[in-house]
Number of protein chains: 2
Amino acid sequence: MDEQGPEGRGQRPRGRGLHDRVLESLGPAITAGDYPPGTVLRTDELERRYDVSRTVVREAVRVLESMHLVESRRRVGVTVRPTEEWDVFDPQIIRWRLAGPDRPRQLRSLTALRSAIEPAAAALAAEHATPEQCAELTEHALNMVATSRGQQLPAYLVHDVAFHRVILRASGNEMFARLGDVVAEVLTGRTQHRVMFSDPDPEAVTLHVRVAEAVRAGDAEAAERYTREITVGALRELDILAP
Amino acid sequence: MDEQGPEGRGQRPRGRGLHDRVLESLGPAITAGDYPPGTVLRTDELERRYDVSRTVVREAVRVLESMHLVESRRRVGVTVRPTEEWDVFDPQIIRWRLAGPDRPRQLRSLTALRSAIEPAAAALAAEHATPEQCAELTEHALNMVATSRGQQLPAYLVHDVAFHRVILRASGNEMFARLGDVVAEVLTGRTQHRVMFSDPDPEAVTLHVRVAEAVRAGDAEAAERYTREITVGALRELDILAP
DNA sequence: CCAGCAAATAAGTATGACTTTTAAGTCACG
DNA sequence: CGTGACTTAAAAGTCATACTTATTTGCTGG
């Protein structure tokens, strides 16, 4: 191909590692559907394509394989697996799909997920939240009120995200807590699609305050109910729920 | 150490690959807490421990790293990351933890998760289920009724698991659908801890029939409510919910 | 005491030789 | 023709080694 001097290989790595570079190229390509399920990739082909050694390709393939994105078989090659088998909860896959053409569909899935989880998390938070977490919660809620009017959407978003993170963390359930990033992504994504001039729904803002109060009071039932009202709004926006 | 002849390395692989063997040993060990967060593993140490080459160790480490179980840094080694950073939704990690001393805690987390998801899934299923799926649902529900008395717990479990799988799949949400394995694991785990002579709660059985009816009728509200009653029972069993 | 340089260390990468699995093709026999 | 056993070859899997690069540690001189 192209000679590039005695140094051997071209452009310097730059990233954390070569395998990451391959992964960050192959992963998005597969999840975007550039290589439909059934497509067979051969490692030596990938070596040439990315101009890296077998070592690097194999490491990337191993990771892809652990996500059930591909399957590597002898005498066959690296086969892209059917979509239904992918580890759709893998944060990396979520990230790749959010960055690709599947973004709308992914956002809908994630919204449905968060709408199911958050009310339950709020109920648990009402029973497990520490005083510090309660304080954080009310603080964020008040800040949401303060930034809810006058085109301060970016600032509002920061507190909105923080609020929901605290709820999830305070639930005491490690799996719920892990969904903080997902919720952040959904909330941010929603804001981007909204007209930047429209302020947040005042009722939604009030609901956040109510949730904070309920959690502080240890009222699980109320915390769950108010949170559900918040998430129902999110579902309606995407027509997931019948009006 | 121990000489093993001119062949070079000992016992034949047997598994799908050497890296898997390493993974299936290291993963459980880390998730079980044998190597607490902060522990540093050096690759050449692992090479010797498992009697495999650098290549194999690195591939296993890459996978562990993609799960955020460890972090590999130059001049430092492979460090076990704090528990909060683990990808607790990774099916493999879930499996490892269910097989280890963390099993009870893991089952509680998963039960809370499923209790949050399934009612929402049932509501969506009522709107999206195909006639075939409705048929499957009623069939499994009827089979549950049939096997609910007279120490037929294993048979009952099969239909119970199948029932919940159909609900999750019929929701039309790929992420919900992916939780089928988790629910299966929780249901199975619950049965194991139960006295094998006690038949399932008759009310729970009835609720499954009601859910099937509601889904068939397209009544999302009812499907959600009945499913919630089922999962609330599961929560109470583990004292996650206040009585 | 600190800046900056030097050395040591462990992971990262490349490469070539070899092994193992297995799909696919071949051939003899019914 | 079909069928089953045998052969072949293709591709991943593994290993050993040489070399590169980043980063910590610590030393050294201002």
Side-chain angles (χ1 to χ4, degrees), chain A residues 1-26 30 35 38-66 68-81, chain B residues 1 3-26 35 38-66 68-81:
Chain A
M1 303 293 160
D2 50 350
E3 282 295 305
Q4 47 212 3
E7 249 66 72
R9 294 176 183 267
Q11 331 79 334
R12 55 147 174 273
R14 204 174 84 259
R16 283 197 320 287
L18 289 187
H19 58 92
D20 270 314
R21 222 168 46 74
V22 176
L23 204 59
E24 286 301 319
S25 172
L26 262 184
I30 293 173
Y35 304 104
T39 307
V40 180
L41 309 163
R42 284 192 322 290
T43 53
D44 58 311
E45 174 202 325
L46 295 173
E47 283 176 49
R48 280 195 305 276
R49 171 126 49 107
Y50 292 103
D51 189 33
V52 292
S53 70
R54 273 204 299 302
T55 320
V56 171
V57 170
R58 300 195 87 259
E59 285 170 21
V61 168
R62 274 286 101 72
V63 173
L64 257 18
E65 200 176 26
S66 88
H68 296 99
L69 237 48
V70 302
E71 187 184 3
S72 181
R73 289 179 59 198
R74 277 175 158 145
R75 173 61 210 249
V76 175
V78 177
T79 316
V80 178
R81 300 180 73 167
Chain B
M1 300 291 164
E3 283 294 308
Q4 49 212 5
E7 248 68 71
R9 295 179 183 267
Q11 330 78 335
R12 52 144 174 274
R14 202 175 85 262
R16 283 197 320 286
L18 288 188
H19 59 91
D20 270 315
R21 223 167 45 77
V22 176
L23 203 59
E24 286 300 321
S25 173
L26 262 183
Y35 305 103
T39 306
V40 182
L41 309 162
R42 285 192 322 291
T43 51
D44 58 309
E45 175 203 324
L46 294 173
E47 281 177 50
R48 279 195 304 278
R49 170 125 51 107
Y50 291 103
D51 189 33
V52 293
S53 73
R54 188 95 160 272
T55 319
V56 171
V57 170
R58 300 196 84 260
E59 284 170 21
V61 168
R62 274 287 100 71
V63 173
L64 256 19
E65 198 175 27
S66 88
H68 295 100
L69 238 47
V70 302
E71 187 184 4
S72 178
R73 290 178 57 197
R74 274 175 161 150
R75 174 58 212 248
V76 174
V78 177
T79 316
V80 178
R81 299 179 73 168

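We use all heavy atoms of the structure for the numbers below, so side chains are in, but hydrogens, waters and symmetry mates are not. To find a chain, count down the sequence lines: A is the first, B the second, and so on, and within it residues start at 1.
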V56(A) or R74(A): which one's nearest nucleotide on DNA chain C is closer to the 5' end? V56(A)
Can you tell me how far the CD atom of E71(A) sits from the CZ atom of R81(A), to the nearest 0.5 Å? 5.5 Å
Heavy atoms of V61(B) and V70(B) approach each other most closely as O-CG2, 4.1 Å
Presence of donor-acceptor pair under 3.5 Å, side chain of R75(B) and base of dT24(D): yes
Looking for any heavy atom pair under 4.0 Å, which part of the strands does L46(B) touch: base, sugar-phosphate only, or nothing? nothing
R48(A) CZ to dT15(C) P, in whole Å, measures 14 Å
Whole-Å distance, D20(B) CG to dA12(D) P, equals 17 Å
Identified side chain to side chain contact (heavy atoms under 4.5 Å, CB included) counterpart of V57(B) within the set D44(B), L46(B), V78(B): L46(B)
Toward the 5' end of DNA chain D, which comes first, V78(A) or T55(A), by nearest nucleotide? V78(A)
Length of the CD-C1' vector between E47(B) and dG12(C), whole Å: 13 Å
Using a distance-only criterion (donor-acceptor N/O pair, under 3.5 Å, no hydrogens), is the base of dA16(D) paired with the side chain of R54(B)? no
How close or far is atom P of dA11(C) from atom CD of E71(B), stated in whole angstroms? 13 Å
Can you check the R21(A) CZ to dT13(C) P distance for me, whole Å? 10 Å
note: R16(B), atom CZ; dT22(C), atom P; distance rounded to Å ~ 12 Å
Less than 4.0 angstrom from a charged side-chain N to a carboxylate O is my criterion; do R62(B) and E59(B) meet it? no
Mind calculating the distance between CG (L18(B)) and P (dA12(D)) to the nearest angstrom? 17 Å
Using a cut-off of 4.0 Å on non-hydrogen atoms, how would the nucleic acid contact of T43(B) be classed: base, sugar-phosphate, or nothing? sugar-phosphate
With a cut-off of less than 4.0 Å, is there a side-chain N or O of R58(A) near OP1 or OP2 of dG13(D)? yes
What integer distance in Å separates R42(B):CZ from dT24(D):P? 17 Å
Is any side-chain N or O of S72(A) closer than 4.0 Å to OP1 or OP2 of dG13(D)? yes
Exercise: identify the closest heavy-atom pair between G77(A) and V40(A): CA-CG1, 4.0 Å
Judged by each residue's nearest nucleotide on DNA chain C, which is more toward the 5′ side, R73(A) or E59(A)? E59(A)
